[in-house]
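All values reported here derive from a predicted model rather than from experimental measurement. In what follows, every chain begins at residue 1, and chains take the letters A, B, ... in the order their sequences are listed. Excluded from the calculations below are hydrogen atoms, water molecules and symmetry mates; all remaining heavy atoms, backbone and side chain alike, are included.
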Amino acid sequence: PKALSTCLNLLLDSNRVDLARKLLLHAKRDLTRKPNVCVFNILVKYHCKNGDLDSAFEIVEEMRNSEFSYPNLVTYSTLMDGLCRNGRVKEAFDLFEEMVSRDHIVPDPLTYNVLINGFCRGGKPDRARNVIQFMKSNGCYPNVYNYSALVDGLCKVGKLEDAKGVLAEIKGSGLKPDAVTYTSLINFLCRNGKSDEAIELLEEMKENGCQADSVTFNVLLGGLCREGKFEEALDMVEKLPQQGVYLN
RNA sequence: ACGCGGCU
């Protein structure tokens, strides 16, 4: 089943769906190679990626009927993410509750993050904040992914000060903001003609021991160029190799 | 071997 999962992922990633189907049919016939949870989860994810949630739910039904696998936390998180990416956050939350009550599965920070991102994509970071409150009340501690998602959600609706507040909250809770956290803020500044403030943040992240990566610089370079600061941009590009950063 | 956050 391990080899099967790996092969399926490779085939689906390269869009060889026909071959993936054949492979799966063979595996189902072979008693020693029964598809396990991981294999099913890969299929669920594949259908979600195509926005075909009906098929994804069919796979889950198949899992429930199978002797060899049953929906687990990954299955639910994947499905919830598929729903959220299609704007169906309410249903994702219903599914979350079903997961807990019907299958007695305990959500982890990643599961909550799917909901946080669902709300943020919908331009409702306040709801996302409620999810963080909710997970805490369930004894689940938010990680940097959770907070970064919220920071980005706040930036996307222009609430820079609130986003900075969350940055402080991250530090206060003993977590370390990472390049993703900072890049969301830098991105907002760059898109609003504030590359100078963005560069201040870049300095701040360095002081906090956080290494900027290629996405951070991509964003910064875009901001500088948009403001016509081409010399500064070139200067920045020239200094990238010394920082071990290579643009893609 | 399977699920979540930043640019495109």
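- In this structure, Lys45(A) reaches the rC4(B) phosphate: one of its side-chain N or O atoms is under 4.0 Å from OP1 or OP2.
- Protein atom CG of Leu221(A) is 20 Å distant from nucleotide atom P of rG6(B), rounded to whole Å.
- Considering only side-chain atoms of Thr183(A), the nucleotide from rA1(B), rG6(B), rG3(B) that sits closest is rG6(B).
- Considering only side-chain atoms of Asn9(A), the nucleotide from rA1(B), rC4(B), rG5(B) that sits closest is rA1(B).
- Side chain of Asn41(A), nearest nucleotide from rC4(B), rC2(B), rG3(B): rC2(B).
- More than 12 heavy atoms of other shown residues, nucleotides or ligands fall within 6.0 angstrom of atom CZ in Phe134(A).
- In terms of phosphate contacts, Arg85(A) brings a side-chain nitrogen or oxygen within less than 4.0 Å of OP1 or OP2 of rG5(B).
- Asn146(A) contributes no side-chain N or O that forms a donor-acceptor pair with the base of rG5(B) under 3.5 Å.
- Atom CG in Leu150(A) sits roughly 15 Å away from atom P in rG5(B) (whole-Å rounding).
- Side-chain contact of Asn117(A) with Arg121(A): a donor-acceptor pair under 3.5 Å is absent, judged by distance alone.
- Put simply, CG on Leu95(A) is 15 Å from C1' on rC4(B), counting in whole angstrom units.
- The residue Lys156(A) sits close only to the backbone: its heavy atoms come under 4.0 Å of sugar-phosphate atoms, none of a base.
- Contact of the Ile105(A) side chain with the Thr111(A) side chain is not registered, since no non-hydrogen atoms from C-beta on lie closer than 4.5 Å.
- Taking atom CD1 of Ile116(A) as the reference point, atom P of rG3(B) lies 19 Å away to the nearest angstrom.
- Computed from coordinates, the Leu73(A) CG to rC4(B) C1' distance equals 11 Å when rounded to whole Å.
- Note on Val144(A): a base of the nucleic acid sits closer than 4.0 angstrom, heavy atoms only.
- Residue contacts shown for Leu43(A) are absent, as no nucleic acid heavy atom lies under 4.0 Å away.
- Taking CD from Glu97(A) and CE from Met99(A), the interatomic distance works out to 10.0 Å, rounded to the nearest 0.5 Å.
- By the 5.5 angstrom centroid cut-off and the 30-degree plane limit, Tyr145(A) is classified as stacked against the base of rC4(B).
- The Ile42(A) side chain lies nearest to rA1(B) when the options are rG3(B), rA1(B), rC7(B).
- Counting non-hydrogen atoms under 4.0 angstrom, Ser214(A) reaches nothing in the nucleic acid.
- You'll find that the side chain of Asn117(A) is closest to rC4(B), out of rG3(B), rC4(B), rC7(B).
- Nucleotide rC2(B) holds its P atom 20 Å from the CE atom of Met80(A), rounded to whole Å.
- Checked by distance alone, Ser77(A) brings a side-chain donor or acceptor within 3.5 Å of a matching partner on the base of rG3(B).
- Scanning atom types as modelled, no donor and acceptor separated by under 3.5 angstrom connect the side chain of Thr181(A) and the base of rG6(B).
- When rounded to the nearest whole Å, the span between NE2 of His47(A) and P of rC2(B) equals 19 Å.
- Ala3(A) comes within contact range of no nucleotide atom at all, as no heavy-atom separation falls under 4.0 Å.
- In the interface, the side chain of Ser184(A) is not paired with the base of rG5(B) through any donor and acceptor atom under 3.5 Å apart.
- Within 6.0 Å of NZ in Lys22(A) there are 12 or fewer heavy atoms belonging to other residues, nucleotides or ligands.
- For rG5(B), its base sits under 3.5 Å from the side chain of Ser148(A) at one donor and acceptor pair at least.
- Val219(A) comes within 4.0 angstrom of sugar-phosphate atoms only, judged by non-hydrogen atoms across all strands, and of no base.
- Applying the 3.5 Å distance criterion, the base of rG6(B) shares no donor-acceptor pair with the side chain of Asp178(A).
- At the heavy-atom level, Asp81(A) lies under 4.0 Å from the strands shown only through sugar-phosphate atoms.
- For Arg191(A), the listed nucleotide lying nearest its side chain is rU8(B); candidates were rU8(B), rG3(B), rG5(B).
- Side chains of Asp213(A) and Thr216(A): a donor on one and an acceptor on the other come within 3.5 Å.
- Here Pro109(A) lies out of heavy-atom contact (under 4.0 Å) with every strand.
- In this structure Asp18(A) satisfies the side-chain hydrogen bond (donor to acceptor under 3.5 Å, both in side chains) test with no other residue, sequence neighbours excluded.
- Distance, Leu220(A) CG to rU8(B) P: 14 Å, rounded to whole Å.
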